[in-house]
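Everything quoted here is computed from the prediction, not taken from an experiment.
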Amino acid sequence: MPGSGFCQSGDASRGTSGTPNNKFDQEVSTRRDEKVQRQQAQNREAARKSRLRKKAYVHQLEQSRLRLAQLEQEFKQA
């Protein structure tokens with residue numbers, strides 16, 4: 001910032017709003033945005049798969065519980 005004696009590196013290539021103001025900065029920003037979007041999409045897919053795995057695991061546990069309860073009843077009757 002002029003007059004304050006404090007200047008961060010890279011400030012000269014950006015306007016006062018912090019948005020890219022030349023073609024190179026715009027391309028870098030676009031690539032960064034695309035990378036973030038790709039990472040978010042991958043994260044959503046990983047979360048979806050994780051929820052499906054959890055659902056299958058809980059279902060398998062419930063089936064095991066039912067089988068064990070049935071066996072318990074058979075042993076009590078014998």
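Residues that satisfy the side-chain hydrogen bond (donor to acceptor under 3.5 Å, both in side chains) test with Arg51, not counting sequence neighbours, are absent from this structure.
Remark: Arg32 CZ to Glu27 CD distance equals 12.5 Å, nearest 0.5 Å. Taking CG of Leu66 as the start and CG of Leu61 as the end, the distance is 11.0 Å to the nearest 0.5 Å.
Counting only residues at least two apart or in different chains, salt bridge (Lys or Arg N to Asp or Glu O under 4.0 Å) contacts with residues 54-66 comprise Glu62-Arg65. Residue pairs meeting the side chain to side chain donor-acceptor pair (under 3.5 Å) criterion with at least one partner in residues 33-43, sequence neighbours excluded, do not occur; the list is empty.
Side-chain N or O atoms of Ser64 include one that pairs as donor or acceptor with a backbone N or O of Gln60 at under 3.5 Å.
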